[in-house]
Amino acid sequence: MALQIYNTLTRRKEPFVPLEAGKVKMYVCGVTVYDYCHLGHGRTYVVWDTVRRYLLSRGYAVMYVQNFTDVDDKILRRAQQEGATMEAVAEKYIAAYFEDMDRLNVLRADSYPRATQTMPEIAALIDQLTSIGYAYSAAGDVYYSVRRFAEYGKLSGKHLAELEAGASERLQDEELARKQDPFDFALWKGAKPGESAWESPWGAGRPGWHIECSAMVKKSLGETIDIHAGGEDLQFPHHENEIAQSEAVTGKPLARYWMHNAFLNVVNQAGTEEKMSKSLGNFKTLRDLFEDFPPMALRLFLLKTSYRNPIAFSLEALKGSEQNWREMEEVLRLAPWLAQQGQSVAGDILFDPWVRRFNEAMDDDFNTAAALAELIALGKQLAGRYHAAIHGTPLADPVRFAREWCTFAFLCDILGLKAGEPEVRPSALPEAEIEAQIALRRQARAERNWMEADRIRKQLLDQGIVLIDHKDKPTTWRHADL
RNA sequence: GGCGGCAUAGCCAAGCGGUAAGGCAAGGGUCUGCAAAACCCUGAUCCCCCAGUUCGAAUCUGGGUGCCGCCUCCA
């Protein structure tokens, strides 16, 4: 079975066929940089990063572009609050974005276009839309004439006639007076006094939100791309408007596959779920979470649910993922031990059955939850055999173990799960010293001096050395963080 | 009001017509001087409710109920 992708446009899973064989052009709507990212943002970018990684693993050359919206009302407001320029605010949160996403092991995009760096292309697009009659200017603003685009609503399944009722409630906007139709949206907003502004044929101002993506996609990837992705909230109006803008000009589909990830929800005090968002004030920033959880435990948590299902955030669930991750990381860190056993840690991987089952799960619209079940099972098996080995039962088939380990590491990498450096490598005691302490403790135990024996054990533990007693052989030890 | 989605054990979650994966937590056990670690065992007679289709449904249809998202900035 080949890769199937759920396409929002058709509301079906479809076989994935890229425009050009072997190549994938992928565009993901990025963040508006006015604040730190929370776990919900983390979910989005971990999901699309994983999609990208999987496509890469299947041999596609993936061009991955993700924008930063660095011109926006919220950034403007934040700049005023902080007494900074809009540019400074944007720079600050772009840097923070990279820090956070690096820790989640999200690969860097091939390019990160920004609105401020795409002004000529944005202006050109608006100009084209105006000249073909899909846009009109009004008092310094430029609006898109939604009713001109016959297919408007095809992505979100919304119909203008039905939207009208809701729109009537927010009519008291001066902007509305300038619109020929309440559903028209701004392509260009005339600047108010004191705002950052760019010159344009329509006067000083800044682009509307939707137009930047149309311009960036076209500039960086072309008129039709393979995958256009983002959070499900962007489906309407953002992506709908992108389609209207781009397709009106090119007459070609903007994207072949539209993909949207579901939200991360939080259980509120009333006991019901609501999305994690800044406006609701119920968010956990990634950097706060990193204080309490390994980043990879968060990544694992985010991938344990398939991307189109909502995640209910809870500490309990997160701790469960942390447990899973601890074991997986222990296994991933086995490379030195394997080398010590004389086994290759860069050897062949086993395609059957692990990779096959993993791929089957991922081929089904990137079902990371099912894929992870395989991976966790494999990890558990390896951990079990490793534990038996260090407890005295030698590996039955070291070569096979090594190959399965390589398989495990390979699959973890596809999901972007990476073992960190052991955090606390306590002042490594010389082995001779450890052995001496063990000998002292053995003596104490022989004398049934349990207090002394326990004291020595505790003392070694404080230095990061864990003792493992055995029934019929001498006590062994290992590093606590392994 | 319109559109879309979800409802599976204490928690998370897969399942897409053939008789309930997996994980976390919990309980019991083995081992131990005691620990730690590890290992073993135990779990839904049932998948929100009610009808229906079918030899057979958690999976399909219809009707309920509950919850979520979008329709306004939002990942």
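Keep in mind that the numbers below use all heavy atoms, side chains included, and drop hydrogens, waters and symmetry copies. By convention in this document, chain letters (A, B, ...) are assigned in the order of the sequence lines, proteins followed by strands, and residues within each chain are numbered from 1.
- Considering only the side chain of A/Ile376, B/G22 comes nearest among B/C70, B/G22, B/A75.
- One finds no side-chain N or O of A/Ser314 lying less than 4.0 angstrom from the OP1 or OP2 phosphate oxygen of B/C12.
- With sequence neighbours excluded, the residues satisfying side chain to side chain contact (heavy atoms under 4.5 Å, CB included) with A/Arg356 are A/Asp352, A/Pro353, A/Glu360.
- By the 30° and 60° cut-offs, the orientation of the rings of A/His239 relative to A/His260 is tilted.
- Counting only residues at least two apart or on different chains, the side chain to side chain donor-acceptor pair (under 3.5 Å) pairs with a member in residues 225-234 of chain A are A/His228-A/Glu242.
- When the side-chain nitrogen and oxygen atoms of A/Lys458 are compared with OP1 and OP2 of B/A35, none of them lie within a distance under 4.0 Å.
- A/Asn241 has its side chain out of reach of A/Tyr144: every pair of non-hydrogen atoms, C-beta onward, lies at least 4.5 Å apart.
- Comparing the P positions of B/A26 and B/G69 gives a spacing of 32 Å, expressed to the nearest Å.
- Separating the P atom of B/C71 from that of B/U8 is a span of 26 Å, rounded to the nearest Å.
- Partners of A/Trp477 under the ring pair (Phe, Tyr, Trp, His ring centres under 6.0 Å) rule, at least two apart in sequence or in another chain, are A/His479.
- Straight-line distance between the P atoms of B/G18 and B/A57: roughly 12 Å, to the nearest whole Å.
- For A/Glu91, the side chain to side chain contact (heavy atoms under 4.5 Å, CB included) test picks out A/Arg114, with sequence neighbours left out.
- Using a 4.0 Å heavy-atom distance criterion, A/Gly42 is classed as making no nucleic acid contact.
- Annotation: of the two residues near RNA chain B, A/Gly157 and A/His41, the 5′-most nearest-nucleotide partner is A/Gly157.
- Between B/C67 and A/Asn265, no contact under 4.0 Å exists linking OP1 or OP2 to a side-chain N or O.
- Remark: A/Asp49 pairs with A/Arg53, A/Arg299 by the salt bridge (Lys or Arg N to Asp or Glu O under 4.0 Å) rule, at least two apart or across chains.
- The side chain to side chain donor-acceptor pair (under 3.5 Å) with A/Ser156 is formed by just one residue from the set A/Gln235, A/Glu240, A/His238; it is A/Glu240.
- Distances from the side chain of A/Phe236 to the nucleotides B/C71, B/C34, B/C12 place B/C71 closest.
- Taking atom C1' in both B/C16 and B/A21, the straight-line distance is 15 Å, to the nearest Å.
- If you check B/G1 for Watson-Crick or wobble pairing at under 3.5 angstrom, you find it paired to B/C71.
- With salt bridges taken as basic N to acidic carboxylate O contacts below 4.0 Å, one links A/Arg206 and A/Glu195.
- Ion pairing between a basic and an acidic side chain is recognised when a charged N comes within 4.0 Å of a carboxylate O; A/Arg78 and A/Asp72 show no such pairing.
- In the interface, the side chain of A/Arg457 is paired with the base of B/A35 through a donor and an acceptor atom under 3.5 Å apart.
- Residues of residues 98-111 of chain A having a heavy atom closer than 4.0 Å to RNA chain B: none are found.
- A gap of 16 Å separates the C1' atoms of B/C55 and B/C60, to the nearest Å.
- Atom-to-atom, CG of A/Leu375 to P of B/A13 comes out at 19 Å; the value is rounded to the nearest Å.
- Pairing of B/C60, defined by two Watson-Crick or G-U wobble distances under 3.5 Å, is identified with B/G52.
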Polar atom pairs between nucleotides 24-31 of chain B and protein, under 3.5 Å, N or O only, would you list them?
{"unit_1": "B/C24", "atom_1": "OP1", "unit_2": "A/Lys380", "atom_2": "NZ", "d": "3.2"}

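- Judged as a salt bridge (Lys or Arg N to Asp or Glu O under 4.0 Å), not a single pair has a partner in residues 315-324 of chain A (not counting sequence neighbours).
- In this structure, A/Asn261 atom CG and B/G69 atom C1' are separated by 12 Å, rounded to whole Å.
- Centre separation under 5.5 Å together with a plane angle under 30° holds for the ring of A/Trp450 and the six-membered base ring of B/G33, marking them as stacked.
- Using a 4.0 Å heavy-atom distance criterion, A/His38 is classed as a base contact.
- B/G23 and B/A9 are spaced 13 Å apart, taking the C1' atom of each and rounding to whole Å.
- The distance between the ring centers of A/Tyr307 and A/Trp48 falls below 6.0 angstrom.
- For A/Asp469, counting side-chain heavy atoms from C-beta on, the closest listed nucleotide (B/A35, B/A14, B/A75) is B/A35.
- Side-chain proximity of A/His387 to B/A38, B/G33, B/G15: nearest is B/A38.
- Protein atom CZ of A/Arg441 is 14 Å distant from nucleotide atom P of B/U32, rounded to whole Å.
- Taking 3.5 Å as the limit, the base of B/G33 and the side chain of A/Arg445 contain a donor-acceptor pair of atoms between them.
- Using Watson-Crick or G-U wobble geometry with both donor-acceptor distances under 3.5 Å, B/A26 finds its partner in B/U42.
- The shortest distance between the side-chain N/O atoms of A/Ser156 and the OP1/OP2 oxygens of B/G4 is not below 4.0 Å.
- The pairing partner recorded for B/A35 is none, the criterion being a Watson-Crick or G-U wobble arrangement whose two distances lie under 3.5 angstrom.
- Protein atom CD1 of A/Ile311 is 14 Å distant from nucleotide atom C1' of B/C11, rounded to whole Å.
- Across B/G69, B/G33, B/A75, the shortest atom-to-atom separation from the side chain of A/Ala453 is found for B/G33.
- For A/Asn309 and B/A7, the shortest distance from a side-chain N or O to OP1 or OP2 is not below 4.0 Å.
- Look at B/A21: it lacks any Watson-Crick or wobble partner with both distances under 3.5 angstrom.
- A/Ala377 comes within contact range of no nucleotide atom at all, as no heavy-atom separation falls under 4.0 Å.
- For A/Tyr97, the ring pair (Phe, Tyr, Trp, His ring centres under 6.0 Å) partners are A/Tyr45, A/Phe68, not counting sequence neighbours.
- Spacing of C1' atoms, B/A44 relative to B/A58, comes out at 12 Å, to the nearest Å.
- Place A/Thr32 and A/Asn367 on RNA chain B by their nearest nucleotides, and A/Asn367 ends up nearer the 5' end.
- Separation of the P atoms belonging to B/U59 and B/C50 is 12 Å when rounded to the nearest angstrom.
- Judged by Watson-Crick or G-U wobble contacts below 3.5 Å, the nucleotide B/C6 has B/G66 as its partner.
- Nearest to the side chain of A/Thr305, among B/C11, B/A75, B/A13, sits B/A13.
- Using a 4.0 Å heavy-atom distance criterion, A/Gly40 is classed as a base contact.
- Using a 4.0 Å cut-off between charged side-chain N and carboxylate O, A/Lys13 and A/Asp364 make a salt bridge.
- Comparing atom distances between the A/Pro237 side chain and each of B/G33, B/C71, B/A75 picks out B/C71 as nearest.
- Of all nucleotides listed (B/C6, B/A75, B/C70), B/A75 comes nearest to the side chain of A/Tyr45.
- The nucleotide whose nearest atom lies closest to any side-chain atom of A/Ala373 is, among B/A21, B/A75, B/G4, B/A21.
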